[in-house]
Amino acid sequence: MEDVNMTKKQRAAAAVEKLKQLYPEAICSLKHTKPYELLLATRLSAQCTDARVNIVTKTLFDRYRSMEDFAAADVDEVAGIIRPCGLFKTKAKDLVGICQKLLLDYNGVVPDTIEELIKLPGVGRKTANLIVGDVYHKPAVVTDTHLIRISNRLGLVDVKEPRKVEDQLRKILPPEESNDFCHRMVHFGRDTCRARGPRCGECALADICKSAGKL
DNA sequence: ATCCCGAGGG
DNA sequence: CCCTCTGGAT
């Protein structure tokens, strides 16, 4: 059974190892060929499955082949293409605005810090962390809905606000492990530790989980 | 009905 | 803190 005396750091270390076994490769499931494409795909992923984002970006990245193409794009036309992803008016404005600002203020290079990335329209800390981690291979904590839910269930954190979850996880995760850990948590959340109906009976982390058998 | 790898504005 | 943006899958 779960050891109630485990510290959060010990629990985190155990979760890191178990998830490595479950998901040897920590894959980002958003298809892309360039950093700015990953940035746009991540913006599209809000309230939308990655599978659908990948269907839409296949058409989108074929229609607009460069940052310059996006910067000059008609927002309504972009909105028409990305409609199935939801929130399409805001997202369309953001995609065009992101590329315009990248060209104007960053010489067409996607910035490598959270502080600069969140200055781009529609880019918050979740998206910024994903870019910092996946493109620049720096320590990142990608606080998507899965990470927040599972971190609370496991007992790694005791807060819901994305910013606080990020800060608490930074304190207990080895920096070199945090990015892959976040990717694995997403897969774990889809497969086992689901929002509703978590499959505790077949969960490999039940023995280190604060909520095992209580959901 | 509720959820999906959110962000911005009030 | 709250609300809104939004379509699609379950």
Side-chain angles (χ1 to χ4, degrees), chain A residues 15 19 22-23 25-32 35 37-60 75-102 111 114-135 139-154 156-157 159-167 169 173 178-199 215:
Chain A
L19 286 176
L22 281 177
Y23 306 102
E25 35 185 351
I27 302 211
C28 172
S29 42
L30 293 171
K31 291 182 185 167
H32 62 283
E37 286 187 349
L38 179 59
L39 180 54
L40 301 187
T42 306
R43 177 65 191 101
L44 285 177
S45 73
Q47 298 303 104
C48 177
T49 61
D50 285 8
R52 182 153 302 282
V53 172
N54 287 333
I55 292 171
V56 165
T57 52
K58 189 172 180 182
T59 305
L60 187 69
V75 173
D76 291 330
E77 188 185 326
V78 173
I81 298 172
I82 67 172
R83 173 177 278 269
C85 292
L87 312 178
F88 59 88
K89 290 180 183 172
T90 316
K91 287 176 179 176
K93 232 179 289 176
D94 288 343
L95 298 195
V96 174
I98 286 168
C99 288
Q100 289 176 344
K101 193 166 175 63
L102 284 176
I114 294 172
E115 292 66 37
E116 290 303 315
L117 282 161
I118 61 177
K119 292 179 182 172
L120 298 167
V123 177
R125 293 192 68 86
K126 182 262 170 179
T127 301
N129 266 288
L130 188 140
I131 297 302
V132 163
D134 277 30
V135 175
V141 177
V142 185
T143 52
D144 57 77
T145 178
H146 291 292
L147 188 74
I148 296 169
R149 179 182 73 253
I150 305 169
S151 295
N152 275 283
R153 284 179 177 170
L154 285 173
L156 304 181
V157 306
V159 286
K160 306 281 186 191
E161 298 86 344
R163 184 57 206 266
K164 292 182 182 175
V165 172
E166 182 185 331
D167 290 343
L169 285 177
L173 285 172
S178 68
N179 195 41
D180 286 352
F181 177 74
C182 292
H183 280 302
R184 291 179 172 124
M185 285 281 262
V186 171
H187 291 285
F188 177 58
R190 293 204 276 241
D191 296 342
T192 307
C193 196
R194 303 185 159 190
R196 280 174 305 175
R199 304 179 171 181
L215 298 174

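What's counted below: heavy atoms across the whole structure, side chains too, no hydrogens, waters or symmetry copies. Note that this is a predicted model, so its numbers are computed, not measured.
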May I ask you to say what [X] touches in the nucleic acid, namely base, sugar-phosphate or nothing, with a heavy-atom cut-off under 4.0 Å?
X: A:L130; result: base
X: A:V123; result: sugar-phosphate
X: A:G124; result: sugar-phosphate
X: A:K91; result: nothing
X: A:T42; result: nothing

How long is the gap from [atom1] on [X] to [atom2] on [Y], to the nearest 0.5 Å?
X: A:R52; Y: A:I55; atom1: CZ; atom2: CD1; result: 5.0 Å
X: A:T145; Y: A:I150; atom1: OG1; atom2: CD1; result: 9.0 Å
X: A:L117; Y: A:I131; atom1: CG; atom2: CD1; result: 6.5 Å
X: A:L40; Y: A:R43; atom1: CG; atom2: CZ; result: 10.5 Å
X: A:D134; Y: A:N179; atom1: CG; atom2: CG; result: 5.0 Å
X: A:R153; Y: A:I148; atom1: CZ; atom2: CD1; result: 13.0 Å

Phosphate-side-chain proximity, [X] and [N], N/O vs OP1/OP2 below 4.0 Å:
X: A:T90; N: C:dC5; result: no
X: A:R43; N: B:dA7; result: no
X: A:T49; N: C:dG8; result: no
X: A:R83; N: C:dG7; result: yes

What residue among A:L154, A:D144, A:V142, A:L169 forms side chain to side chain contact (heavy atoms under 4.5 Å, CB included) with A:M185?
->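 The single option meeting the side chain to side chain contact (heavy atoms under 4.5 Å, CB included) with A:M185 is A:L154.
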Would you kindly give the [atom1]-to-[atom2] distance between [X] and [N], to the nearest whole Å?
X: A:L44; N: C:dG8; atom1: CG; atom2: P; value: 14 Å
X: A:D144; N: B:dA7; atom1: CG; atom2: P; value: 10 Å
X: A:I150; N: B:dC4; atom1: CD1; atom2: C1'; value: 13 Å
X: A:I82; N: C:dC5; atom1: CD1; atom2: C1'; value: 12 Å
X: A:L39; N: B:dA7; atom1: CG; atom2: P; value: 10 Å
X: A:I81; N: C:dT6; atom1: CD1; atom2: C1'; value: 18 Å
X: A:L95; N: C:dT6; atom1: CG; atom2: P; value: 13 Å
X: A:R149; N: B:dC4; atom1: CZ; atom2: C1'; value: 10 Å

Taking the side chain as every heavy atom from C-beta outward, state whether A:L22 and A:D191 have any atom pair closer than 4.5 Å.
->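 Contact flag for A:L22/A:D191 side chains = no.
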Any A:T57 side-chain heavy atom under 4.5 Å of A:E37 side chain =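 A side-chain contact under 4.5 Å is absent here.
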Side chain of [X] (C-beta onward), nearest among [options]:
X: A:R196; options: B:dA7, C:dA9, B:dT2; value: B:dT2
X: A:L87; options: B:dC3, B:dG6, B:dC5; value: B:dG6
X: A:R52; options: C:dC1, B:dC4, C:dG8; value: C:dG8

Pairwise [atom1] distance, [M] and [N] [rounded to whole Å]:
N: C:dT6; M: B:dG10; atom1: P; value: 16 Å
N: B:dC3; M: C:dC3; atom1: P; value: 15 Å
N: C:dG7; M: B:dG9; atom1: C1'; value: 22 Å
N: B:dC4; M: C:dC5; atom1: C1'; value: 15 Å
N: B:dC5; M: C:dT10; atom1: P; value: 12 Å

Full working for side-chain contact (heavy atoms from CB on, under 4.5 Å) between A:F181 and A:L147 = CA-CA 9 Å; A:F181 177 74; A:L147 188 74; 4.2 Å; yes
Which residues, if any, of residues 183-191 of chain A bring a heavy atom under 4.0 Å of DNA chain B?
->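 Residues of residues 183-191 of chain A under 4.0 Å from DNA chain B: A:H183, A:V186, A:R190.
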Let me know, please, whether A:C48 or A:A128 comes out on the 5' side of the other along DNA chain B by nearest nucleotide.
->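 Nearest nucleotide further toward 5': that of A:C48.
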Upstream residue (5' side of DNA chain B) when A:L30 and A:L120 are each assigned their closest nucleotide =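 Residue closer to the 5' terminus by nearest nucleotide: A:L30.
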In this structure, are over 12 heavy atoms from other groups packed under 6.0 Å from A:E25 atom CD?
->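 Not buried by this count: 12 neighbours or fewer within 6.0 Å.
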Side chain of A:K126, base of B:dC5: donor and acceptor closer than 3.5 Å?
->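 Result: at least one qualifying N/O pair found.
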Do A:R184 and A:H187 get their side chains close enough for a donor-acceptor pair, meaning under 3.5 Å?
->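 No.
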How would DNA chain C look in dot-bracket form, 5' to 3', counting Watson-Crick and G-U wobble pairs with both distances under 3.5 Å and writing | for bases paired to another strand?
-> |||||.||||
